[in-house]
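Notes follow the structure.
Proteins come first, then strands; the chains are lettered A, B, ... in the order of their sequence lines, and each starts at number 1. Owing to the predicted nature of the structure, the values given are computational and were not obtained by experimental measurement.
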Amino acid sequence: MTNPESPPLILALPKGRILKALRPVLERTGLEPAPDCLDESSRRLRFPTSDPSLDVVRVRSFDVATFAAYGGADIGVCGADVLMEFDYSDLYAPLDLGIGACRIAVARPKNAGDVLPEGRSRLRVATKYPAIARRHFASRAVNAEIVHLHGAMELAPALDMADVIVDLVDTGSTLRANGLEEVETIAHVTSRLIVNRVALKTRPEEIGSLIERFRAALAVAA
Amino acid sequence: MIASPEASSPALLPMGFVDLLPQEAEAEARGIAEVMAVFGRYGYERVRPPLLEFESSLLSGAGEALAEQSFRMLDPSSHRMMALRPDMTTQIARIAEVRLQDMPRPLRLSYAGDCVVIGTPGREGERQIPQAGIELIGPDRAEADAEVVVLGAEALNALGIEQVSFDLSMPALVWNLVDSAFEGAKRDTLLHALDRRDAAAVAELGGEWSPLLLGMMDAVGSAQRALSCLSRLTFPEHLKVHVDRLKASVDAIQARAPEIRLTVDPVDFRGWRYHTGVCVTVFAMHCREELGRGGRYLAGQEPACGLTLHPQALLRVASALPRRKRCMVPLGVAKKDLSSLHEAGYATVAALGDETDLKATARRLRCSHIWQDGAIVAL
C-alpha cells in the first residue's frame, strides 16, 4: 500500500530509561533501526531502519509527544506521564507497551506532621509536571503554586522552596534518601505507542500495520 | 514591578490574528471565490449572516456547543450580551428556520465569511478562521449526505488539491453508548480516553462495554476495512440504526463518486457538539491540519447536513495561483490600451508623472513588463 511518492514515516523514540526497556520489543518488531540508534553516545538524531519507508528520530522523552503532536513524527513511544502533562488533542495512544512502569506521586518531608496537603487552600509544589500537579490539586480545592524544575525536585522541600513535590517514582529509593515520603499516587504510568491523529487518518494502512507489528511483538513477549 | 526592557512592539497583534499581505490576501479571496462558484453551480444559494448576534440567539439550541469558543461583548445600546460567531452553521440553520421557513425543501444554501474562536490554551493557532460552506436542509437521507461530500470533493478538486480523503464518523454512536451506560466523572474520563484513543484507559474504565469500545477503536481505516470490522461487532439494539446509516452513507457516496478516498472512524466524536448523524472530516495527504468538517444536525426541528471548508488550510495545500503580471504604463495611456492590457491578464501600474526612466521605475515597483510605444515590452 506504500505510495512510492510518500516520504518515510517517522518514529520518535525517547532517550534514556524507556529506550533501554524498549530494546527487546523493538527487536521483536523486526524494524531494525541503524545500530547507533540505540547507542546513546551517538551524535546522530535521525536514523534509517531496515524498512526504507520508516525513519527513527531520537529525542528527549518529554519531547516525543510534542514531535508527534505537531506531526514532525507520525508515531512514537512515550510515557503516559508525558501524555497526561501535555494532553495534546492530536495524539492517539492506541497501544499500552507495558514497559517502563512507575507512578506519578505526591511526596513531602517525613517530619511534615499531620497536616495533609488538602488541608490548605494553597500549596507550593516543586515538579516537572506543572499541568498534572495543578489539575490534581485543583480537584482537591487546592491552588498549586508551581515551582517548575527539570530535575532534583527532591531537594526543594528541604531547601524551603516547596511544601511537596510531584514526581515520577519508581522504587522510591531517591525519595527515602532525601527524607521524603510518598503520600499519594496520582497515576500509574507505563509507556505507550502514540500516533499522530492526522497521520492515522491519511495513511491508515501504513500506520495500522506499524501498530500491528508492535502489538505482535508484545504478544510474543507475553 | 519593573517591566522587562524588551517590551513588545505596539504593532504586535493579539495571538492568533494575522495580516495577510498582497499575494496572500489575493490568494485567499480567489480561493474562496473558486469554492463558492462550485457551490453556486450546484444550486446552493449564498446567504450572509452577521458577524455578531445576541448570545441568546447564537448560542441557543444547537449553538450551545459554541459557547466556550465565543468571544463576547456587551452591546452598549441594548445592554445585552453579544457573541462573535465561532462558526456559521448554526447561523445558517437559524436563517433556514426563521427567515426561509416558507421556502420549499430541500433548501440548499452556501456561505463564506470569517469566524473567530477563542482557541485552545497552550496551543497557539489561528483564531480568525475564514469558512466557506454549504448546508442542505430538509431530507434526512444517505443521498443527501453523499451530495454534500461529493460537492466538497469537487470544490477541493477545483483548487487543485490532490490525495484528499474524507473521514466519516458517527458521533451519536459514542454519545448514546456512553451516556446510557456511564455518568458523572467516570463518563467524562471515559470520553476523554476515547477521544485520545487511549486503549489502556478505555479497557480499564469501559467495564462490560470495553470489548465493544475497543472493537470500535480498532475499526478504523479504509471504509471497506472499517465497515467489515464493524459488521463483526455486536451493538445494542438501539444503536444498530446508527451503524446501518453510516454504512448507507458510505454506499451512497461510493455509488456517486467511487474515486473519492473514504475512511471511517466510528469513535470520532470531535468537533461542535450539535451533530446528530453522520459526520465527515476532510484531510489531504501530507497536510497536517483538517481541511474541513461537516455532518448532520438539526436546524431547529429540521434535519440538515452541511460541510464547512477552511480556506486558509486549503490554500496551504492548493497549487499556488499564478502571479498576475504587472505592466508599468506611462502617464496618460489611452483607456482602450489599458482595457486591452487588462483583458490580456496584466495588472497596469500607472506612472504618476513624467518618468525619465520608466524601466527603472517599473523594476522598482516589481513590474515584469512596460507599455512602450503602443506595445508590451518584457523587462
Side-chain angles (χ1 to χ4, degrees), chain A residues 1-3 5-9 65-74 79-80 83-98 101 130-131 134-135 139 187-209 211-212 214-215 218, chain B residues 119-125 162-169 185 188-189 192-204 213-214 216-226 229 261-265 267-271 280-291 293 313 317:
Chain A
M1 276 304 205
T2 309
N3 184 334
E5 292 165 29
S6 300
L9 288 173
T66 307
F67 271 83
Y70 283 83
D74 303 284
L83 292 181
M84 272 178 78
E85 174 63 22
F86 291 110
D87 196 28
Y88 284 124
S89 60
D90 288 327
L91 288 184
Y92 287 170
L95 192 58
D96 184 352
L97 297 172
R134 259 193 213 104
R135 275 202 304 267
S139 75
H188 290 278
V189 168
T190 47
S191 294
R192 308 294 170 84
L193 188 68
I194 58 168
V195 173
N196 175 274
R197 170 171 175 266
V198 177
L200 182 67
K201 303 278 191 186
T202 55
R203 300 172 77 172
E205 290 87 4
E206 295 161 84
I207 301 276
S209 82
I211 297 173
E212 278 318 308
F214 275 91
R215 206 190 295 274
L218 292 183
Chain B
T120 317
R123 284 225 61 182
E124 286 92 14
E162 291 173 344
Q163 293 189 289
V164 173
S165 63
F166 288 79
D167 190 48
L168 298 186
S169 61
D188 298 343
T189 316
H192 184 267
L194 282 168
D195 183 54
R196 304 296 150 86
R197 306 295 189 280
D198 184 341
V202 171
E204 186 189 323
L213 290 169
L214 291 169
M216 286 166 64
M217 275 170 60
D218 199 39
V220 294
S222 70
Q224 197 187 359
R225 176 188 184 273
C229 290
R261 207 171 113 89
L262 283 185
T263 56
V264 167
D265 185 344
V267 187
D268 211 318
F269 57 93
R270 210 170 263 195
V280 60
T281 316
V282 189
F283 295 98
M285 191 74 102
H286 314 314
C287 170
R288 286 165 185 170
E289 55 196 325
E290 293 173 7
L291 301 182
R293 185 188 269 273
V317 284

Non-hydrogen atoms of chain B under 4.5 Å away: do they reach the side chain of A:Asn196, the backbone, both or neither? neither
Please indicate whether A:Phe214 has more than 12 foreign heavy atoms, meaning atoms of other residues, nucleotides or ligands, lying under 6.0 Å from its CZ. yes
Contact class of B:Asp198 relative to chain A, heavy atoms under 4.5 angstrom: both
Can you confirm whether more than 12 heavy atoms, excluding those of B:Glu204, are under 6.0 Å from its CD atom? no
Under the 3.5 angstrom rule, does the side chain of A:Arg203 hit a backbone N or O of B:Met285 as a donor-acceptor pair? no
Roughly how far apart are B:Leu194 CG and A:Tyr92 OH, rounded to 0.5 Å? 10.5 Å
Please classify the contact between B:Arg225 and chain A as side chain, backbone, both or neither, with a heavy-atom cut-off of under 4.5 Å. neither
Hey, what do you get for CG (B:Asp265) to CZ (A:Arg197), rounding to the nearest 0.5 Å? 8.5 Å
According to side-chain hydrogen bond (donor to acceptor under 3.5 Å, both in side chains), who are the partners of B:Glu162, at least two apart in sequence or on a separate chain? none
Just wondering, do B:Val220 and A:Lys201 contact through their side chains at under 4.5 Å, heavy atoms? no
At a 4.5 Å cut-off on heavy atoms, which part of A:Tyr88 comes close to chain B: side chain, backbone, both, or neither? both
What one should report as the nearest heavy-atom pair of A:Pro94 and B:Ala199 is O-CB, 3.1 Å
Taking only residues two or more places apart in sequence, or in another chain, which ones meet B:Asp218 in a side-chain hydrogen bond (donor to acceptor under 3.5 Å, both in side chains)? none
Residue from B:Asp268, B:Val164, B:Leu214 scoring the most non-hydrogen pairs under 4.5 Å with chain A is B:Asp268
Does some side-chain heavy atom of A:Glu205 sit less than 4.5 Å from a side-chain heavy atom of B:Ser222? yes
Under 4.5 Å heavy-atom distance to chain B, tell me which part of A:Ser89 shows up: side chain, backbone, both or neither. both
Can you give me the closest heavy-atom contact between B:Ala284 and A:Thr202, atom names plus distance? O-CG2, 3.7 Å
I'd like to know whether B:Arg288 forms a salt bridge (charged side-chain N to carboxylate O under 4.0 Å, His left out) with A:Asp90, so could you lay out the CA-CA distance, the side-chain angles of the two residues, the decisive distance to 0.1 Å, and finally the verdict. CA-CA 10 Å; B:Arg288 286 165 185 170; A:Asp90 288 327; over 6 Å; no
